[in-house]
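Written below as structure tokens is the structure these notes are about.
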Number of protein chains: 2
Amino acid sequence: MKVTFNKRDPVYVQVVRHFKEQIATGNLEPGQEIPSRRELANQLKINPNTAQRAYKEMEEAGLIFTQGNSPSKITRDENIISSVREELILEAVEDFVSAIRPIKVPIEEVVGILKEKYNDDVFERRDKND
Amino acid sequence: MKVTFNKRDPVYVQVVRHFKEQIATGNLEPGQEIPSRRELANQLKINPNTAQRAYKEMEEAGLIFTQGNSPSKITRDENIISSVREELILEAVEDFVSAIRPIKVPIEEVVGILKEKYNDDVFERRDKND
DNA sequence: TCCAGTGTATTAATCAGTTAATACACATTC
DNA sequence: GAATGTGTATTAACTGATTAATACACTGGA
């Protein structure tokens, strides 16, 4: 478990996003246990309350569930899981579109640059994340 | 002059971005006068100090220049202007790539969704902005 | 039993951004 | 020359979001 934080977005938002990505890619499986609030806080060097806030959001979104006082687990609801993936993709695309449209760049030019950048640095990146 | 603000980013940042877009598209021409700090604040319903901060950033970035106490003007440096366009595009693409890559979606699928969304709502949008 | 680890809740402190209130020098216009 | 409208600077207050500190209740196992 490792997350690289940016300074722009709130930490708890970034934590939620990280879990969503892990769920979307299947890296975290349905029913799988996730670290306790305190342990996550230790691992990521963040405050336990920040971890708690992230988990609370995920719980309310149905991404994880908690029984008694045992560690939370990833939801087993496949509908939720697949919609997480869709949501992440759509959100990224919509942000991108609203960023790029005001500049009035032809779509094909955008796609060209996009493909180029998408394949960039893929080797170093593979070392880091997988 | 009209800008729709989101709540995520600081207002002064959004103002700067708006001007960059206008410069990049040629909607604001080299040497063209822009509203005074106080007038911009009036138009956008923001605090004069926020307008001042935005202009200060733009001045430091060489996007605008100010002589004496007459209203600031768009730079006449074509290098800066074209690099603004490049910068906006590259930044958007890089943000998008780093948002989409962790989800491990095939690039062609992404491009498909992107093209679809890019052409979406183009009619209503045209009414509003042009 | 008791204790360590869990989830949960409450309150305080911190921080960035924004707004606000003034002030000053300058120049253009009336 | 006075007035108005520029740009610029300084300082303080406010506000909402975020993070931090602390406490409480529960439970499963040693």
Side-chain angles (χ1 to χ4, degrees), chain A residues 1-20 23 28 31-76 91 95, chain B residues 1-20 23 28 30-77:
Chain A
M1 177 85 47
K2 192 176 179 183
V3 184
T4 56
F5 294 114
N6 66 56
K7 301 177 184 179
R8 231 172 46 257
D9 306 311
V11 174
Y12 75 95
V13 170
Q14 297 182 61
V15 172
V16 171
R17 181 184 175 81
H18 175 259
F19 275 92
K20 284 184 179 175
I23 293 174
L28 284 176
Q32 183 174 345
E33 262 194 13
I34 57 178
S36 78
R37 276 80 167 157
R38 290 172 175 85
E39 187 180 342
L40 183 77
N42 268 334
Q43 289 183 13
L44 303 186
K45 310 273 175 50
I46 63 178
N47 190 278
N49 294 310
T50 307
Q52 158 65 2
R53 179 156 185 188
Y55 276 24
K56 189 178 179 186
E57 297 241 336
M58 291 194 283
E59 183 116 34
E60 285 167 355
L63 295 176
I64 64 176
F65 64 96
T66 310
Q67 291 165 329
N69 62 347
S70 62
S72 305
K73 300 189 180 71
I74 303 296
T75 181
R76 292 196 177 86
E91 199 178 291
D95 284 353
Chain B
M1 179 84 47
K2 191 175 182 183
V3 184
T4 56
F5 294 113
N6 66 57
K7 301 175 185 180
R8 240 180 27 264
D9 307 309
V11 173
Y12 75 95
V13 170
Q14 296 182 61
V15 171
V16 170
R17 181 182 175 83
H18 176 259
F19 274 92
K20 283 184 178 175
I23 293 173
L28 284 176
Q32 182 172 346
E33 262 193 12
I34 58 178
S36 77
R37 278 78 167 155
R38 291 172 175 85
E39 187 180 341
L40 183 76
N42 267 334
Q43 289 182 13
L44 303 186
K45 312 272 174 52
I46 62 178
N47 191 278
N49 295 313
T50 306
Q52 158 66 3
R53 179 157 185 187
Y55 275 25
K56 190 179 180 184
E57 297 242 335
M58 290 195 282
E59 183 115 35
E60 286 167 356
L63 294 176
I64 64 176
F65 65 96
T66 311
Q67 291 166 328
N69 61 347
S70 62
S72 304
K73 299 189 182 70
I74 303 296
T75 182
R76 290 196 179 87
D77 185 332

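In what follows, chains are A, B, ... by sequence order, proteins preceding strands, each numbered from 1.
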Quick one: B:R38 CZ to D:dT8 C1', roughly how many Å, whole number?
9 Å

Step by step, would you call B:E59 with B:S72 a side-chain hydrogen bond (donor to acceptor under 3.5 Å, both in side chains)?
CA-CA 9 Å; B:E59 183 115 35; B:S72 304; 4.6 Å; no

By a strict heavy-atom criterion of less than 4.0 Å, which residues belonging to residues 8-16 of chain B are in contact with DNA chain C?
B:P10, B:V11, B:Y12

From CG of B:L40 across to P of D:dT8 the rounded distance in Å is 14 Å

Spacing of A:N47 atom CG and A:Q52 atom CD [to the nearest 0.5 Å]
11.0 Å

Could you tell me whether A:K56 atom NZ has more than 12 heavy atoms of other residues or ligands within 6.0 Å of it?
no

Counting only non-hydrogen atoms, which of residues 44-65 of chain A are less than 4.0 Å from DNA chain D?
A:N47, A:N49, A:T50, A:R53

Give a yes/no on whether any side-chain N or O of A:S36 is located under 4.0 angstrom from OP1 or OP2 of C:dG5.
no

Within this structure, what is the CG-to-C1' distance between A:N69 and C:dT6, rounded to whole angstrom?
4 Å

Is there side-chain contact between A:Y12 and A:I46, with at least one heavy-atom pair below 4.5 Å?
no

Taking C-beta and beyond as the side chain, do B:H18 and B:Q14 meet within less than 4.5 Å on heavy atoms?
no

Cationic tip of A:R37 within the cone over A:Y55's six-membered ring, i.e. under 6.0 Å and within 45° of the normal?
no

With side-chain contact (heavy atoms from CB on, under 4.5 Å) as the criterion, how do B:I74 and B:I23 come out once you've worked through the C-alpha distance, each side chain's angles and the decisive distance to 0.1 Å?
CA-CA 8 Å; B:I74 303 296; B:I23 293 173; 4.0 Å; yes

From A:L28 CG over to A:I34 CD1, what is the distance, rounded to the nearest 0.5 angstrom?
7.5 Å

5'-most by nearest nucleotide on DNA chain D - A:G68 or B:S70
B:S70

Distance check needed: C:dT6 C1' versus A:I34 CD1, whole Å only.
13 Å

What's the CZ-C1' distance between B:F5 and D:dG16, to the nearest Å?
18 Å

